[in-house]
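There's a structure below that I have some questions on.
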Protein chains: 2
Amino acid sequence: MTTASTDETLLRERGLRVTGTRLAVLRALSEHQHATADDVVRAVRADLGSVSVQAVYDCLHALTSSGLLRRMEPAGHPARYERRTGDNHHHVVCRSCGAVADVDCTVGHAPCLTPSASHGFAVDLAEVTFWGLCPDCAEGSAADPVPVSGPGTTF
Amino acid sequence: MTTASTDETLLRERGLRVTGTRLAVLRALSEHQHATADDVVRAVRADLGSVSVQAVYDCLHALTSSGLLRRMEPAGHPARYERRTGDNHHHVVCRSCGAVADVDCTVGHAPCLTPSASHGFAVDLAEVTFWGLCPDCAEGSAADPVPVSGPGTTF
DNA sequence: CACACTTTCTGGAACGATTCCAGTAAAGGT
DNA sequence: ACCTTTACTGGAATCGTTCCAGAAAGTGTG
């Protein structure tokens, strides 16, 4: 999909310098979506040989605030980054292993963007997170009391 | 609203022991909804004189996992606890100060509960978080570059 | 192509929220 | 009242992330 030269263009378009680390971070996230900072560090190290943790965090911040990456932080799990941006999609998170998958907006045009009572808040984004068990963890978990994370377990 | 004796009953109903700390935690959360663990520690100390941080965390866990409290964790902010449970309501979070307010389910009957493609996940809860600026922070922030938190700033 | 200027990268130390630990104290069924 | 279970204390440890100061690399201008 996103080739190296395109990544370079993307960076320049946003006025960001093109560095090996940044390209490697983008490459890592093309390869595995929803990676944690730690995953990215490992991927970049496998790719470039070595990087400091901070260099990766700096990249992730720069890329996130310029809109090339999106950051999501499921309660109780480290933050995850993804390249799919600007399409207002949502996520399913596994309570047991923290796995994340994309979910397209349930009801065509952003159903939840106009909260009934917004208490005077100037709302600019609606974030929807589905909680459950991924196929792997669901299997045989009815019996096992799997350590559960995330908000209220039932509704 | 929830009186002390009712709190005692609530605890017993769930098979939880009735202790001063637990009652004080419930009381604290009746007084200010969406309190952080730290807020609760302070409130309980003001009430009982002294408690260890761990006692409060233990209570919060016990009460949360028995369903008497709901825990929510806005990305980039410490977790907050509330007594309103089981009604599937949502939240508005201020990007600037972290203030939280309740939002009733936008479209009558839980619009987002059936993700279009759930990737085989067994989904049991949909959590909707609205991001924006609270009235206090919105005022005069168009100019100020307020430090922003939470997921992607635009959509 | 070199210069000066900016921005990034390094390594190490610090941070805040939360959890783990082992021991002591309190709750409640019989 | 006794004994088992569960909660509470204080202190140290963990995890993800950020802060810091200095060294190194990127880039627009001359």
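Lettering follows sequence order; numbering is per chain, from 1.
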**OP:** Mind checking side chain to side chain donor-acceptor pair (under 3.5 Å) for B/Thr36 and listing every partner two or more places apart, or none if nothing turns up?
**Re:** B/Asp39
**OP:** Mind jotting down which residue pairs meet the ring pair (Phe, Tyr, Trp, His ring centres under 6.0 Å) criterion with at least one end in residues 19-41 of chain B? Sequence neighbours excluded, please.
**Re:** B/His34-B/His91
**OP:** Indicate yes or no: does A/Arg71 engage A/Glu73 in a salt bridge with an N to O separation below 4.0 Å.
**Re:** yes
Original post:
According to a 3.5 Å limit on both distances, what stems of 3 or more consecutive Watson-Crick or G-U pairs are formed with DNA chain C?
Top reply: C:1-30 with D:1-30
Original post:
B/Leu23 has an atom CG; how far is it from atom P of D/dA7, in whole Å?
Top reply: 13 Å
Subject >> For A/Asp47, all residues meeting side chain to side chain donor-acceptor pair (under 3.5 Å), sequence neighbours excluded >> reply: A/Arg27
Subject >> 5' priority, DNA chain C, between A/Leu16 and B/Leu16 [closest heavy atom] >> reply: A/Leu16
Original post:
For B/Arg22, which of B/Leu26, B/Val25, B/Thr19 qualifies under side chain to side chain contact (heavy atoms under 4.5 Å, CB included)?
Top reply: B/Thr19
Original post:
Between atom CG in A/Leu11 and atom P in D/dT27, what is the gap in whole Å?
Top reply: 10 Å
Subject >> For atom CZ of B/Arg14 and atom P of D/dT6, their distance in whole Å >> reply: 18 Å
Subject >> A/Val92, A/Val100, A/Val93 screened by side chain to side chain contact (heavy atoms under 4.5 Å, CB included) with B/Phe121, the one that passes >> reply: A/Val92
Subject >> Nearest-Å distance for atom pair CG/P, residues B/Asp58 and D/dT9 >> reply: 10 Å
**OP:** Scan for ring pair (Phe, Tyr, Trp, His ring centres under 6.0 Å) pairs involving residues 48-71 of chain B, sequence neighbours excluded, and state none if there are none.
**Re:** none
Original post:
Does B/Thr19 place a side-chain N or O at less than 4.0 Å from the phosphate oxygens OP1/OP2 of D/dC8?
Top reply: yes
**OP:** Any chance you could list the contact pattern along nucleotides 13-26 of chain C? Use B for base contacts, S for sugar-phosphate-only contacts and - for none, protein heavy atoms under 4.0 Å, 5' to 3'.
**Re:** ----SSBB------
Subject >> Atom-to-atom span, CG of A/Leu60 to C1' of C/dT8 - whole angstrom >> reply: 14 Å
**OP:** Check the distance between C/dT7's P and A/Leu63's CG and give it to me in whole angstrom.
**Re:** 16 Å
Original post:
Is the distance from OP1 or OP2 of C/dC9 to the nearest side-chain N or O of A/Thr21 less than 4.0 Å?
Top reply: yes
Subject >> From B/Asp58 atom CG to B/Ser52 atom OG, the distance as rounded to the nearest 0.5 Å >> reply: 7.5 Å
Original post:
Would you say B/Arg12 reaches C/dG28's phosphate, i.e. side-chain N/O to OP1/OP2 under 4.0 Å?
Top reply: yes
Original post:
Under 3.5 Å, side chain of B/Gln33 to main-chain N/O of B/Arg83, donor-acceptor pair present?
Top reply: yes
